[in-house]
Trainee: 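Questions regarding the structure given below will be posed in turn.
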Amino acid sequence: MVVGDVTTGTELLVIGGGPGGYVAAIRGAQLGLDTTLVERDAYGGTCLNHGCIPSKALISASDVAHDARQAESMGVFADPAVDMAGMTEWKDGVVTRLTRGVESLCKNAGVNLVEGTAEFVDDGTVRVAHGGEGQGSESLSFEHAIVATGSRPMTVPDFEFDGEHILSSKDALALESVPEKLLVVGAGYIGMELSTVFAKLGAEVTVVEMLDDVLPGYEDDISAVVRDRAEELGIDFNFGEAADDWSETDEGIRVQTVDEDDAVTEYNAEKCLVAVGREPVTETLALENIDLQTDENGVIPTDDQCRTAFESVFAVGDVAGEPMLAHKAMAEGEVAARAAAGEPAAFDHQAIPAAVFTDPEIGTVGMTAAEAEAAGFEPVIGQMPIRANGRALTVNEKEGFVRVVADADEEFLLGAQIVGPEASELIAELGLGIEMGARLEDIAGTIHTHPTLSEAVHEAAAAARGEAVHTR
């Protein structure tokens, strides 16, 4: 039986239930708007289901196995067995708990949940096609719409994902056995995180990258710490090479790369993970029906309230462009919902932290010294090496640093870069400092608990003032 098309109305329509979408929907409902959230796959989006959460779960699990094997210097001797299928099952349990939590939060806030794929009919109506044969469709009229359809892994020509030989990050996170040999195309944050996971689980990992180093966009001394640790894990890097072709073999696959001189190199592997970035998902929206254009990167342009060219339509998260970070999407979702409810709101790009969960972790926020100088500041830098931090040594960590960047005249904090243990947690203090307009003396004058990793933040701020005690 085919369900006929019916039309209902809502004040706020949110398309996509990822971090930006579900936060926008909950906030909209809390502000008194009749809110409807349309999601075609799973609540929580890529982040909860196929990205942030499952990858960090596997990172944590692989760290347990690796750290146990490497603890001889601490007087601990162990050789743990890894059950990849069991690890994946545990990871899936974490994901399920969180996605169900998102659905429950939406329902408790009074959000109307609709499963299906939404496309615009005009600037006040969408049609939602329900999944499954014979499920039909329905039309929703809206006063305001927030597009939060997220992004997907980018492909390389002739390397379409098949889930067996050529893997996306989603495919890699669902593996139930550790590949004997894994070739990774791309040394960005996704490629580096997953390379580290599988190397720690016992895979022989080779990374090819068309640029000349890992983690493009990060400063050289940060990239070097992560690259050196990865090489210690046995990861082999080959820079200046682009994936060109592949074929099946009896043992798996053979991948061919070319460099700028057209020199060809071949790699044999069991599987190939392609991790060359992500691109916005917009093709399901029928944006042409409202004459809404994307830019050359497929991004929907927005203003500081996350509005598109149409006053009633907003866009948040990955579909609204870089940085493609879940917490940025959440912040944009808040802004868009408040703007739709008629409240004053604007998105501030000044202090968006970023983290890479490699070994060691990276945490950054605000400006680098070079960016500060380009912006017209006279930067002053303070740095604390991790090897000089007592707590770091007690957790057997020696590599990395905490660096703060401030304005030399007024000592206002402008940025920070951390590479070391728990960098993703430590960066929060410095993000708050930038947001609040803190000066170096505010950080250096705050008593930090001893012994903790956070003392490195304190010491870096003191070093920038010429008042370091624990560093030379």
Side-chain angles (χ1 to χ4, degrees), residues 10-39 43-47 52 102 105-106 109 111 118-120 122-126 140 142-152 278-287 289-354 365 431 435:
T10 188
E11 291 179 290
L12 177 62
L13 171 68
V14 181
I15 305 173
Y22 81 72
V23 167
I26 291 172
R27 183 63 74 218
Q30 290 173 340
L31 293 171
L33 298 176
D34 178 63
T35 303
T36 299
L37 171 63
V38 179
E39 169 56 48
Y43 297 105
T46 293
C47 177
C52 313
V102 167
L105 288 170
C106 289
V111 177
E119 65 174 33
F120 286 99
D122 53 43
D123 59 6
T125 312
V126 297
L140 291 170
F142 60 85
E143 295 181 18
H144 302 279
I146 299 175
V147 176
T149 44
S151 64
R152 60 168 164 254
R278 299 184 64 84
E279 60 186 1
V281 174
T282 59
E283 73 280 355
T284 61
L285 293 165
L287 295 178
N289 289 339
I290 57 173
D291 197 28
L292 185 58
Q293 305 294 319
T294 60
D295 68 12
E296 64 275 11
N297 297 314
V299 169
I300 300 176
T302 58
D303 64 13
D304 64 356
Q305 287 194 316
C306 304
R307 292 184 192 270
T308 68
F310 290 92
E311 187 175 355
S312 61
V313 179
F314 301 77
V316 303
D318 291 0
V319 78
E322 296 286 353
M324 291 188 178
L325 301 169
H327 45 279
K328 175 256 195 181
M330 292 178 181
E332 288 180 328
E334 289 257 7
V335 168
R338 291 187 183 280
E343 293 195 354
F347 186 66
D348 184 1
H349 292 259
Q350 181 181 13
I352 304 176
V365 68
E435 194 68 42

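Bear in mind the structure is a predicted one, so any value in this text is a computation, not a measurement. Residue numbers count from 1 along this sequence.
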Trainee: Check the pair L105 / V111 against side-chain contact (heavy atoms from CB on, under 4.5 Å), numbers first and verdict last.
Mentor: CA-CA 9 Å; L105 288 170; V111 177; over 6 Å; no
Trainee: Is there a donor-acceptor contact under 3.5 Å from the side chain of T149 to the main chain of V147?
Mentor: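 Checked: no pair found.
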Trainee: Which residues pass the side-chain hydrogen bond (donor to acceptor under 3.5 Å, both in side chains) test with Q293, not counting sequence neighbours?
Mentor: D291
Trainee: Which pairs pass salt bridge (charged side-chain N to carboxylate O under 4.0 Å, His left out) with one or both residues in residues 305-333, sequence neighbours excluded?
Mentor: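 Sorted pair list: K328-E332.
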Trainee: Kindly state each residue pair satisfying ring-ring contact (aromatic ring centres under 6.0 Å, His included) with at least one member in residues 329-348, sequence neighbours excluded.
Mentor: F347-H349
Trainee: For T282 and G298, which heavy atoms make the closest approach, and how far apart are they?
Mentor: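 For T282 versus G298, the nearest heavy atoms are CG2-O, 3.7 Å.
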Trainee: For residues T294 and L287, determine if any side-chain heavy atom of one lies less than 4.5 Å from a side-chain heavy atom of the other.
Mentor: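 They are in side-chain contact.
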Trainee: List the atom of S312, the atom of E143, and the distance in Å for their closest heavy-atom pair.
Mentor: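 Here S312 and E143 meet closest at CB-O, 3.4 Å.
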Trainee: Kindly write out the residues that satisfy side chain to side chain contact (heavy atoms under 4.5 Å, CB included) with A148, not counting sequence neighbours, or none if the list is empty.
Mentor: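 For A148, the residues satisfying side chain to side chain contact (heavy atoms under 4.5 Å, CB included) (neighbours in sequence not counted) are V316.
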Trainee: Applying side chain to side chain contact (heavy atoms under 4.5 Å, CB included), can you list everything that pairs with A345, at least two apart in sequence or on another chain?
Mentor: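 Here the qualifying residues are V335, R338.
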Trainee: Is a side-chain donor or acceptor of T308 paired with a backbone partner of T302 at a separation under 3.5 angstrom?
Mentor: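 Side chain of T308 to backbone of T302, a donor-acceptor pair under 3.5 Å: no, none is there.
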Trainee: Before you tell me yes or no, could you show the steps for V319 and V281 under side-chain contact (heavy atoms from CB on, under 4.5 Å), namely the whole-Å CA-CA distance, both residues' side-chain angles and the distance that decides it to 0.1 Å?
Mentor: CA-CA 6 Å; V319 78; V281 174; over 6 Å; no
Trainee: Kindly write out the residues that satisfy side chain to side chain contact (heavy atoms under 4.5 Å, CB included) with E279, not counting sequence neighbours, or none if the list is empty.
Mentor: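 So E279 forms a side chain to side chain contact (heavy atoms under 4.5 Å, CB included) with R152, M154.
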Trainee: According to side-chain hydrogen bond (donor to acceptor under 3.5 Å, both in side chains), who are the partners of Q30, at least two apart in sequence or on a separate chain?
Mentor: R27
Trainee: Does any part of the side chain of L37, heavy atoms only, come nearer than 4.5 Å to the side chain of C106, both counted from C-beta?
Mentor: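 Sidechains of L37 and C106: in contact.
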Trainee: Should the ring pair H144 and F314 be called parallel, tilted or perpendicular, given that the plane angle runs from 0 to 90° and is split at 30 and 60?
Mentor: tilted
Trainee: Quick one: closest heavy-atom pair of E39 and G17, and the distance?
Mentor: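 Closest approach of E39 to G17, heavy atoms only: OE1-N, 2.6 Å.
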Trainee: Which heavy-atom pair separates A341 from L31 by the least distance, and what is that distance?
Mentor: CB-CD1, 3.8 Å
Trainee: Hey, does the side chain of E11 reach the backbone of D34 with a donor-acceptor pair shorter than 3.5 angstrom?
Mentor: yes
Trainee: Within a strict 4.5 Å, meaning less than it, do heavy atoms of the L285 and E119 side chains meet?
Mentor: no
Trainee: Is there a side-chain contact between F120 and L292 (heavy atoms, below 4.5 Å)?
Mentor: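 No, their side chains stay 4.5 Å or more apart.
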Trainee: Who are the side-chain hydrogen bond (donor to acceptor under 3.5 Å, both in side chains) partners of T125, not counting sequence neighbours?
Mentor: D122
Trainee: With sequence neighbours excluded, tell me which residues meet side chain to side chain contact (heavy atoms under 4.5 Å, CB included) with D295.
Mentor: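 Listed in chain order: N297, V299.
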Trainee: Would you call V365 and I352 a side-chain contact if the rule is heavy atoms closer than 4.5 Å?
Mentor: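 V365 does not reach I352 side chain to side chain.
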Trainee: How close do A24 and L12 get, counting heavy atoms only, and between which atoms?
Mentor: O-CD2, 4.2 Å
Trainee: Of all the heavy-atom pairs spanning P19 and C47, show the shortest one and how long it is.
Mentor: CG-CB, 3.6 Å
